[in-house]
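Predicted model only: the values in this text are computed from it and were never measured.
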Amino acid sequence: LICMQERGQVAIFVIVALVIVGIIVVIFAFKNFSLGSVIDPTIQPVYDYVDECTKSIAIDGLYVNGQSGGYYDVPNTKNENNVPYYVLNKNVKIPEKRVIESELGKYISKNLDSCTGNFTELRQFRISKGRIKPSVNIENEKIIINLDYPLTIKKSDTVWEVKEFKNIRVLASYGLLSSVASEIAN
C-alpha cells in the first residue's frame with residue numbers, strides 16, 4: 001500500500017514538473033511575440049480611413065516617383081524631361097533601395113493630408129493630427145509602410161490618443177523592378 005502511494009506521489013510530481021516546463025517553454029517561445037495593439041472598435045473607421053489613404057497615396061507616389069527615376073526630389077543630374085541620369089559619363093548613378101524608400105516616404109508625408117482632408121468624411125469624430133513621419137520598406141512583391149502619425153480622436157466625452165499606424169501593406173513589384181533596373185545598368 002505504501003508503494004502505491006509513493007508511485008502516485010511520483011506521478012503527480014512528474015505531471016507538475018511537465019506543466020512547469022511547458023509553461024517555461026511557452027514563455028520563452030513567445031517572449032518576443034507581440035499580439036499588437038488592440039484597436040477600440042469605436043475608432044476602427046479612423047484606422048481604416050488612414051490605411052486606405054496611405055495605400056492610395058503610396059500607389060500615386062510609386063507612379064510619380066517612378067516617372068522621375070525613383071525620386072520625389074529629383075537630383076541635379078537630369079535631362080530636360082526632369083528624369084535623372086542612371087548612367088552618366090560611364091558612372092552608374094542608380095538610387096539605392098534606401099534612397100527610393102526615403103523618397104517614397106517624402107511623397108507620402110507631403111501628400112497624405114490631401115487624401116485625409118482633415119478627416120471631414122468622419123464627421124462623427126473630432127480629430128486633431130500631428131506631423132506625419134513615414135517609414136517605408138520596399139520588398140520584392142510588396143511595400144510595407146509604418147506611420148508615426150499622432151492623432152487625438154474625440155467622440156462625445158471620450159478621447160483616444162493614437163501614435164502610429166503599423167504594417168500598411170501595398171502589393172507592388174516595385175522592389176523587383178528596381179533590382180532588375182540595377183542589373184541592366186550594371
Side-chain angles (χ1 to χ4, degrees), residues 19 22-74 95-180:
V19 168
I23 291 171
I24 291 171
V25 167
V26 167
I27 288 171
F28 279 107
F30 293 103
K31 180 173 83 172
N32 293 324
F33 179 76
S34 171
L35 292 174
S37 59
V38 176
I39 300 168
D40 185 325
T42 308
I43 60 170
Q44 186 66 48
V46 176
Y47 275 85
D48 294 343
Y49 194 69
V50 170
D51 186 78
E52 288 305 313
C53 277
T54 302
K55 288 176 184 176
S56 175
I57 292 299
I59 290 168
D60 292 346
L62 289 172
Y63 178 76
V64 169
N65 290 8
Q67 294 293 319
S68 56
Y71 293 98
Y72 179 65
D73 295 324
V74 180
E96 295 176 4
K97 180 181 156 201
R98 66 177 176 73
V99 172
I100 295 171
E101 291 169 340
S102 173
E103 293 292 312
L104 182 56
K106 286 179 194 176
Y107 185 90
I108 292 168
S109 180
K110 292 188 179 176
N111 292 283
L112 186 60
D113 279 340
S114 69
C115 181
T116 59
N118 288 322
F119 299 96
T120 53
E121 287 189 27
L122 299 172
R123 296 168 203 237
Q124 69 270 36
F125 301 104
R126 286 187 325 205
I127 301 172
S128 56
K129 56 191 175 181
R131 186 169 165 240
I132 302 166
K133 295 181 213 162
S135 169
V136 177
N137 181 24
I138 297 174
E139 297 181 1
N140 281 344
E141 299 293 327
K142 66 185 171 221
I143 296 168
I144 300 170
I145 303 160
N146 293 309
L147 291 177
D148 286 338
Y149 189 26
L151 298 178
T152 302
I153 305 164
K154 296 178 185 175
K155 184 175 183 181
S156 301
D157 292 335
T158 309
V159 177
W160 296 268
E161 297 287 333
V162 176
K163 303 232 183 287
E164 58 194 11
F165 297 83
K166 295 224 172 248
N167 293 317
I168 300 170
R169 297 174 186 270
V170 177
L171 296 178
S173 299
Y174 203 75
L176 189 60
L177 295 173
S178 177
S179 28
V180 169

| remark: Residues at least two apart in sequence or cross-chain that pass side-chain hydrogen bond (donor to acceptor under 3.5 Å, both in side chains) with Thr42, listed by chain then number, are Asp40
| query | Do Ile108 and Ile145 touch side chain to side chain, with heavy atoms closer than 4.5 Å? | reply | yes
Would you tabulate the side-chain donor-acceptor contacts of residues 161-169 under 3.5 Å, counting partners in other chains and residues two or more places apart, or write 'none'?
| from | atom 1 | to | atom 2 | distance (Å) |
| --- | --- | --- | --- | --- |
| Glu161 | OE1 | Thr152 | OG1 | 3.1 |
| Glu161 | OE2 | Thr152 | OG1 | 3.4 |

| said: Suppose we screen for salt bridge (Lys or Arg N to Asp or Glu O under 4.0 Å). Which residues come up paired with Asp51, at least two apart in sequence or across chains? | reply: Lys55
| remark: Across all chains, not counting sequence neighbours, the ring-ring contact (aromatic ring centres under 6.0 Å, His included) partners of Tyr149 are none
| note | For Asp157, the side-chain contact (heavy atoms from CB on, under 4.5 Å) test, sequence neighbours excluded, returns none
| request: Taking all heavy atoms of Tyr107 and all of Ile57, pick out the closest pair and write down the distance. | output: CE2-O, 3.4 Å
| field | Phe125 and Trp160 aromatic ring geometry - parallel, tilted or perpendicular at 30°/60° bounds | value | perpendicular
| remark: Output for pair (Leu122 CG, Tyr49 OH), nearest 0.5 Å, gives 6.0 Å
| query | Is there a side-chain contact between Asn65 and Ile100 (heavy atoms, below 4.5 Å)? | reply | no
| request: Return each pair, listed once, that meets salt bridge (charged side-chain N to carboxylate O under 4.0 Å, His left out) where at least one residue sits in residues 120-134; pairs must be two or more places apart or across chains. | output: Asp113-Lys129
| query | With a 4.5 Å heavy-atom cut-off, do Leu147 and Ser135 have their side chains touching? | reply | no
| Does some side-chain heavy atom of Ile153 sit less than 4.5 Å from a side-chain heavy atom of Phe119? | no
| said: Could you check whether any side-chain heavy atom of Thr116 comes within less than 4.5 Å of a side-chain heavy atom of Leu112, counting everything from C-beta outward? | reply: yes
| task | Could you tell me which non-hydrogen atom of Pro134 sits nearest to which non-hydrogen atom of Ser109, and how far apart they are? | result | CD-CB, 3.9 Å
| Pairs where residues 126-159 contributes a residue and the test disulfide bond (SG atoms under 2.5 Å apart) is met, not counting sequence neighbours | none
| message | Going by disulfide bond (SG atoms under 2.5 Å apart), name the pairs with one or both residues in residues 123-157, residues two or more places apart or in two chains. | response | none
| query | With Val136, which of Ile143, Val170, Ile144 fulfils side-chain contact (heavy atoms from CB on, under 4.5 Å)? | reply | Ile143
| said: Suppose the criterion is disulfide bond (SG atoms under 2.5 Å apart): which pairs have a residue in residues 112-158, not counting sequence neighbours? | reply: Cys53-Cys115
| note | Sorted by chain and residue number, the side-chain hydrogen bond (donor to acceptor under 3.5 Å, both in side chains) partners of Glu101 (sequence neighbours excluded) come out as none
